[in-house]
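Here the structure comes first, spelled out in structure tokens, and everything after it is commentary.
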Number of protein chains: 2
Amino acid sequence: MYQPKTPKDIRCPLEYGLDVFGGKWKSRIICVLAEKDTLRYSALRREMTNITDAVLAGALKELIRDGIIERKQYDEIPPRVEYRLSEKGKSVVPILQTICRWSGAYHREDSTNTLLQCQKCDYHLK
Amino acid sequence: MYQPKTPKDIRCPLEYGLDVFGGKWKSRIICVLAEKDTLRYSALRREMTNITDAVLAGALKELIRDGIIERKQYDEIPPRVEYRLSEKGKSVVPILQTICRWSGAYHREDSTNTLLQCQKCDYHLK
DNA sequence: CAGTATCCTATTAGATACTG
DNA sequence: CAGTATCTAATAGGATACTG
């Protein structure tokens, strides 16, 4: 997990937003949860393809801290933890779709390297 | 300037978009150029407050490569170079404003640490 | 003036092993 | 199962000096 020594100088709302859903994994996590609604930790990791636990757990913590996703823990054995978007989290989805739609015109898929979870995204863009 | 060894796995339009205007400086540069229209290198650096040449020049190169800004060089002495948003660059401004508007509800300014160039942004949010 | 070149640090991301 | 603890690697970002 990562922890900056200096508390990150976020100096305007725009920078705050880009920090909340920027980075390599956060937007993917939000997209997957937007589609699947509720996922257990292991299912979420499977959807992400190639993320490691250290990185996934770190990203989830930040998303929880920023109020984007909610974590619900069931005290069972074996343990069960479910993740889903909060209302705030759901409110960023249209923004991500807007970015996606804007980029769609410029980012032509080389077909060898496209995310499965973005087929939904492409569908919405038609 | 920075140059990744592996060519960055951008796997969907969303990731492309976040790459184009994400990072610490790119969105600021776009905002400043959206407001000032055309700026020389030195004026742009002045607007950014605390950016170094190495970092500014690197960010500008990426923005040019991605077609967001245009560079016009006048062969004078002393040299003059002007930067401005391309049409593609102008088309991202509404997206940045959307993010800004979304974040505005959550990012409460601590007033000690707010960007000058975001006063315009705040103005638009009223 | 408008950058490059070089070196350095901080942060992000990844690999691997381990645990309640 | 759902993580944490460590360690390492890659990269974004920064400081400083220099140049056509």
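Naming: A, B, ... by sequence-line order, numbering from 1 per chain. Atoms considered below: every heavy atom in the structure, side chains included; atoms not considered: hydrogens, waters and symmetry mates.
Contact annotation: B:Ser42 reaches the phosphate of C:dA2 (side-chain N/O to OP1 or OP2, under 4.0 Å). When the side-chain nitrogen and oxygen atoms of B:Lys61 are compared with OP1 and OP2 of C:dT4, one or more of them lie within a distance under 4.0 Å. The phosphate of C:dA2 (OP1 or OP2) has no side-chain N or O of B:Arg71 nearer than 4.0 angstrom. OP1 and OP2 of C:dT12 both lie 4.0 Å or more from every side-chain N or O belonging to A:Trp25. Within the 4.0 Å cut-off from OP1 or OP2 of C:dT12, at least one side-chain nitrogen or oxygen of A:Lys8 is found.
No option in A:Lys36, A:Lys72, A:Arg71 other than A:Arg71 meets the side chain to side chain contact (heavy atoms under 4.5 Å, CB included) test with A:Tyr83.
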Test side chain to side chain contact (heavy atoms under 4.5 Å, CB included) applied to B:Thr98 and A:Thr98, step by step: CA-CA 9 Å; B:Thr98 302; A:Thr98 301; 5.6 Å; no
Worked check of side chain to side chain contact (heavy atoms under 4.5 Å, CB included) between A:Leu85 and A:Val93: CA-CA 10 Å; A:Leu85 292 181; A:Val93 175; 4.0 Å; yes
Residue pair A:Leu63, A:Ile30: steps toward the side chain to side chain contact (heavy atoms under 4.5 Å, CB included) verdict: CA-CA 9 Å; A:Leu63 288 165; A:Ile30 295 170; 4.3 Å; yes
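Listed by residue number, B:Pro78, B:Pro79, B:Arg80, B:Val81, B:Tyr83 are the residues of residues 72-86 of chain B with a heavy-atom contact under 4.0 Å to DNA chain C.
Residues A:Ser27 and A:Leu96 come closest through the heavy atom pair O-CD1, 4.2 Å. Residues B:Ala59 and B:Ile29 approach most closely at CB-CD1, 3.9 Å, considering heavy atoms. Between A:Ile51 and A:Arg45, the shortest heavy-atom distance links the atoms CG2-CG, 3.8 Å.
Rounded to an integer number of Å, the gap from CG of A:Asp53 to P of C:dT12 is 20 Å. Nucleotide D:dA2 holds its C1' atom 13 Å from the CZ atom of A:Arg46, rounded to whole Å. Look at CG on B:Leu18: it is 16 Å from P on C:dT12, rounded to the nearest Å. Between the CD1 atom of B:Ile10 and the P atom of D:dT11 there is a distance of 13 Å, rounded to whole Å. A:Glu47 places its CD atom 14 Å from the P atom of D:dA2, with the value rounded to the nearest Å. Atom CG of A:Asp19 and atom C1' of D:dA12 are 14 Å apart (whole Å). Atom-to-atom, CG of A:Leu63 to P of C:dT12 comes out at 14 Å; the value is rounded to the nearest Å. Taking atom CG on A:Leu56 and atom P on C:dA15, their separation rounds to 14 Å, with Å as the unit.
Looking at A:Ile68 and A:Leu33, their side chains never come closer than 4.5 Å, going by heavy atoms from C-beta outward.
Closest to the side chain of B:Tyr41, out of D:dA2, D:dA15, C:dG3, is C:dG3. For A:Ala54, taking side-chain heavy atoms from C-beta onward, the closest of the listed nucleotides D:dG14, C:dG3, D:dT6 is D:dT6.
Looking at heavy-atom distances under 4.0 Å, A:Arg45 makes no contact with the nucleic acid at all.
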Name the atoms and distances for all side-chain donor-acceptor pairs under 3.5 Å in residues 16-24 of chain A, with sequence neighbours left out.
| from | atom 1 | to | atom 2 | distance (Å) |
| --- | --- | --- | --- | --- |
| A:Tyr16 | OH | A:Lys88 | NZ | 2.8 |
| A:Asp19 | OD1 | A:Lys8 | NZ | 2.5 |

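Each end of the helix from C:dC1-D:dG20 to C:dG20-D:dC1 gets its own rotation axis from five pairs of C1' atoms, and the angle between them is 50° to the nearest 10 degrees.
Note: B:Ser86 OG to B:Ile69 CD1 = 8.5 Å, rounded to the nearest 0.5 Å.
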